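Quick note on labels: first sequence line is chain A, next is B, and so on, each numbered from 1. Every value quoted in this text rests on a predicted model; they were computed, and no experiment measured them.
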Number of protein chains: 2
Amino acid sequence: MRIKNMQITEQNIIKAAWELLEQIGIEDFSMRKLADLLHIQAPSLYWHFKSKQSLFQTLANEVAKEALQSAKLEGEWEEQLYDFVAVIRSVIGKYPCSAQLLMRTVPSEPDYLVLINSLLQILDHLPVSDSDKFSSVACLLNYVIAFELDKYEQRRVNAAMKDEGDGGAQGVFLQSLENLSVEGPNVVRRMYHDHLFREVGSDNMFRTGLKIIIAGISQLAREQQL
Amino acid sequence: MRIKNMQITEQNIIKAAWELLEQIGIEDFSMRKLADLLHIQAPSLYWHFKSKQSLFQTLANEVAKEALQSAKLEGEWEEQLYDFVAVIRSVIGKYPCSAQLLMRTVPSEPDYLVLINSLLQILDHLPVSDSDKFSSVACLLNYVIAFELDKYEQRRVNAAMKDEGDGGAQGVFLQSLENLSVEGPNVVRRMYHDHLFREVGSDNMFRTGLKIIIAGISQLAREQQL
DNA sequence: ACCTGAACACCGTTCAAGT
DNA sequence: ACCTGAACACCGTTCAAGT
């Protein structure tokens, strides 16, 4: 007996799934817990989605869809690319665990394909081979997904190390940081002491990486033109 | 009773783990199956490794260690970077599922830190901020890991779609490819028809992406110098 | 020091049966 | 058409007990 006789539809399964991802993360996400949240039994979910994987695919596709809707394509191709990827990032930031979902999803869902197509369109007039365009788009997409993934991992690790003493993972990390047997300067340690690790996932770092890739694509086009 | 009285050591647990990853992939990897392969009971593994995650961390660290050993640092910084990342890629290709292992591992293991340090050292003399150096290295590392990950996914999906008719995932994919409701040219479809998707994971694509990022870093340094 | 047996608290998924 | 109960074949991990 369901509370308030609420209808179980694909749409509110999806809504509950986002909620659950928000609450417990993707590692602990289970079909049983999702069913609990909806006040139904776990096997019922399988009438609406043929597997957990296909539910995840649907969620990933929703992210792609929203990114597409939020995109505004204006200005030069560099600007278009920059803004589009920034939009993708903000959408990934909005939906919990969406970077992981996109990462483990093969881009076969329709909206994901349209997203890739839109990125390819921006580059289509550049004087480079199709193969190079493809590489460029893959590079950009991987970048934004991996960036948000790292951020998530960083937060998770920080949270886990929060209440530990010197014997914990934090202590081990600091120790190996100090004792790195490297020839030449211990650059990592220097950066750690400059609190640079706190910047992981920051807007500033995001922009830098994105600028690197776009400048690289630009250079590729320049070389072809000769 | 173990065959041939073989000693169970961390080293041969690790060896067996690589074997198991090779045989069944990371999705189906389990501590019980690993124990079977070693002819011991699953709980015995927990005397040597405190968790599955820590075993995976150790494996990831081995990959970093080998990449470090294989690296030869010669030439200009662009060349050093290019060669180093290429070496990392070849090592990832050698160890089964190592891209996934690196992806889900936070770089706290010593050799992984040394690896990052080595990459940072290559950039250390460039006239850019520490933050930019850090972004650059993160960009490169994410690139090579994501590249090999995509390749693995692509193979997995292709294998799964192998023996399916029009009704299967392949049919669905082709259909949505044809029917993409896009404004402007369907670039994705064009590329598919040019067999460009088969190139995913190719050496050629790898080089292109790597060149893009390194050219981008180069540009960053040039801008700072003014 | 190193290993096992039994158990705990979970999974994803299937399927006959219910309404 | 949509949902449930019971079950299958698994997981990771703990822990008292054995040698």
Side-chain angles (χ1 to χ4, degrees), chain A residues 1-21 23-60 97 100-101 104-106 156-157 160 168-169, chain B residues 1-21 23-60 97 100-101 104-106 156 160 164 168-169:
Chain A
M1 190 62 78
R2 218 163 311 124
I3 288 164
K4 278 170 54 174
N5 252 6
M6 188 182 46
Q7 281 286 351
I8 298 296
T9 62
E10 290 202 9
Q11 266 317 305
N12 57 40
I13 290 176
I14 288 170
K15 204 178 152 215
W18 287 124
E19 227 169 275
L20 190 58
L21 284 171
Q23 283 171 26
I24 63 171
I26 200 167
E27 298 81 15
D28 294 327
F29 183 103
S30 80
M31 294 300 264
R32 288 169 206 262
K33 285 174 190 160
L34 179 56
D36 281 351
L37 202 59
L38 289 157
H39 302 289
I40 57 175
Q41 300 302 310
S44 308
L45 292 169
Y46 288 81
W47 197 90
H48 300 276
F49 291 93
K50 81 174 219 295
S51 67
K52 185 183 175 182
Q53 175 63 26
S54 88
L55 170 60
F56 279 178
Q57 291 253 135
T58 307
L59 295 178
C97 308
Q100 285 95 331
L101 289 168
R104 23 180 115 180
T105 297
V106 66
R156 222 163 56 92
V157 170
Chain B
M1 188 64 76
R2 218 164 311 122
I3 287 166
K4 280 172 53 175
N5 249 7
M6 191 183 42
Q7 282 286 352
I8 299 296
T9 63
E10 290 201 9
Q11 265 318 305
N12 57 41
I13 290 176
I14 288 170
K15 206 179 149 212
W18 286 124
E19 228 169 276
L20 190 58
L21 285 171
Q23 283 170 27
I24 64 171
I26 201 166
E27 299 82 14
D28 295 327
F29 184 102
S30 81
M31 295 300 263
R32 288 169 205 262
K33 285 173 190 161
L34 179 56
D36 281 350
L37 202 59
L38 289 158
H39 302 289
I40 57 174
Q41 300 303 310
S44 308
L45 291 168
Y46 288 80
W47 197 88
H48 301 277
F49 292 93
K50 81 173 218 295
S51 66
K52 185 182 175 181
Q53 175 62 27
S54 88
L55 170 59
F56 278 178
Q57 290 253 135
T58 307
L59 294 178
C97 306
Q100 284 95 331
L101 290 168
R104 21 179 118 178
T105 298
V106 64
R156 224 162 56 92
E164 282 182 14

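- Comparing the P positions of D:dA9 and C:dC10 gives a spacing of 22 Å, expressed to the nearest Å.
- Contact check, B:S44 against C:dC2: no side-chain N or O comes under 4.0 Å of OP1 or OP2.
- Residue A:R104 comes nearest to A:Q53 through the heavy atom pair O-NE2, 3.7 Å, listed as atom of the first residue, atom of the second, then distance.
- Nucleotides C:dC8 and D:dC11 place their C1' atoms 12 Å apart, quoted to the nearest Å.
- Each of B:L55, B:I8, B:I13 was checked for a side-chain contact (heavy atoms from CB on, under 4.5 Å) with B:L45, and the lone residue meeting it is B:I13.
- Atom CD of B:E27 and atom P of D:dC10 are 17 Å apart (whole Å).
- Atom pair A:F49:CZ and C:dG12:P shows a separation of 15 Å (rounding to whole Å applied).
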Next item on the list: Go through B:E27 and B:R156 one step at a time and tell me if the side-chain contact (heavy atoms from CB on, under 4.5 Å) criterion holds.
Entry: CA-CA 11 Å; B:E27 299 82 14; B:R156 224 162 56 92; 3.8 Å; yes
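- A:F56 pairs with exactly one of A:F29, A:F49, A:W18 by the ring pair (Phe, Tyr, Trp, His ring centres under 6.0 Å) rule, that one being A:F29.
- Side-chain proximity of B:I40 to the nucleotides D:dG12, C:dT14, C:dT4 is greatest for C:dT4.
- A close approach under 4.0 Å does not occur between any side-chain nitrogen or oxygen of A:H48 and OP1 or OP2 of D:dA1.
- At C:dC10, none of the side-chain N or O atoms of A:K33 fall inside 4.0 Å of OP1 or OP2 (strictly under the cut-off).
- Atom CZ in B:F29 sits roughly 18 Å away from atom C1' in C:dC11 (whole-Å rounding).
- With both pairing distances under 3.5 Å, D:dT19 is matched to C:dA1 as a Watson-Crick or G-U wobble pair.
- What separates OH of B:Y46 from P of C:dC8 is a distance of 18 Å, to the nearest Å.
- The two residues B:C97 and B:L21 make their nearest non-hydrogen contact at SG-O, 4.0 Å.
- For the pair A:I8 CD1 and C:dT19 P, the interatomic distance rounds to 19 Å; values are reported in whole Å.
- Of the candidate nucleotides D:dT13, D:dG5, C:dT13, D:dG5 has the atom lying nearest to any side-chain atom of A:Q41.
- Summarising the base pairing, D:dT13 is matched to C:dA7 through a Watson-Crick or G-U wobble pair whose two defining distances lie under 3.5 Å.
- The two residues B:Q57 and B:T105 make their nearest non-hydrogen contact at OE1-CG2, 3.1 Å.
- Distance check on atom C1': D:dA17 versus C:dC2 gives 13 Å, rounded to whole Å.
- C:dC8 atom C1' lies 11 Å from atom CZ of B:R32, rounded to whole Å.
- Rounded to an integer number of Å, the gap from B:M31 CE to D:dC10 C1' is 16 Å.
- Taking 4.0 angstrom as the limit, B:K50 places none of its side-chain polar atoms (N or O) nearer than this to OP1 or OP2 of D:dT13.
- Going from atom CD1 of A:I26 over to atom C1' of C:dG12 covers 15 Å, rounded to whole Å.
- Distance from the side chain of A:P43 is smallest for D:dT4 among the nucleotides D:dC11, D:dA7, D:dT4.
- Closest to the A:W47 side chain, of the nucleotides C:dT4, D:dG5, D:dC2, is D:dC2.
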